[in-house]
Amino acid sequence: ASCFELLGFDVILDHKLSPFLLEVNHSPSFTCDSPLDSSVKSAVIRGTMEMVSFTREEQRILKRAGTRLDSAARDRLVELREMYERKNCD
C-alpha cells in the first residue's frame, strides 16, 4: 500500500511579485468560500489524484513485476509517465 500527504503552502507576494512563504499547513482546508477557491482547490485535488493514480498499463506492469521491478519494467513506467505528462501538462 502507498500513502501520501497533501500540504498547504501560504505564500504572499510583495510589490515586485517576489514570493515569501508564510506557513506550511499540515491539514489544509478544502472548504470553498468563492468560485476562485473552488477552481483552485479542485485543480489541486485533480492534479494530486493524477499524480498518485496509475493507468491500467502501469497497473499491469506493477502487478506482473510483483515486489521487484526489473530495469525494463522501470524504464517502461518512466516512459509511460513522461508520455502522460507531455500529453496532459501543457
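We use all heavy atoms of the structure for the numbers below, so side chains are in, but hydrogens, waters and symmetry mates are not.
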Check against side-chain contact (heavy atoms from CB on, under 4.5 Å), Asp14 and Phe20 = CA-CA 8 Å; Asp14 69 8; Phe20 291 90; 3.4 Å; yes

Are any side-chain N or O atoms of Ser42 and backbone N or O atoms of Ser38, one a donor and one an acceptor, separated by less than 3.5 Å?
-> yes

How long is the span from the CE atom in Met83 to the CZ atom in Arg76, to the nearest 0.5 Å?
-> 5.5 Å

Note: Leu13 and Leu17 closest approach over all heavy atoms is CD2-O, 3.9 Å

Before giving the answer on salt bridge (Lys or Arg N to Asp or Glu O under 4.0 Å), spell out for Glu57 and Arg60 the whole-Å C-alpha distance, their side-chain angles and the decisive distance to 0.1 Å.
-> CA-CA 5 Å; Glu57 187 172 355; Arg60 278 193 293 272; 5.2 Å; no

Given side chains that start at C-beta, do those of Phe4 and Thr48 come closer than 4.5 Å, heavy atoms only?
-> yes

Side chains of Asn25 and Asp10: does their closest heavy-atom pair fall under 4.5 Å?
-> yes

For the side chain of Ser53 and the backbone of Met49, is there at least one donor-acceptor N/O pair under 3.5 Å apart?
-> yes

Interatomic spacing from NE2 in His26 to CG in Leu6 - rounded to 0.5 Å | 11.0 Å

Taking side chain as C-beta onward, heavy atoms only, is Leu69 less than 4.5 Å from Leu62?
-> yes

Are side-chain heavy atoms of Ile61 and Leu80 found at a separation under 4.5 Å?
-> yes

Any donor and acceptor pair, going by atom type alone, linking the side chain of Lys41 with main-chain N or O of Cys32 inside 3.5 Å?
-> no

Honestly curious: do Leu77 and Met51 fall in one hydrophobic cluster under the side-chain, below-4.5 Å linking rule?
-> no

Distance-only, no hydrogens or angles: does the Glu58 side chain make a donor-acceptor pair with backbone N or O of Thr55 under 3.5 Å?
-> yes

Determine whether Phe9 and Val44 fall in the same hydrophobic cluster, where Ile, Leu, Val, Met, Phe, Trp and Tyr are linked whenever their side-chain heavy atoms lie under 4.5 Å apart.
-> no

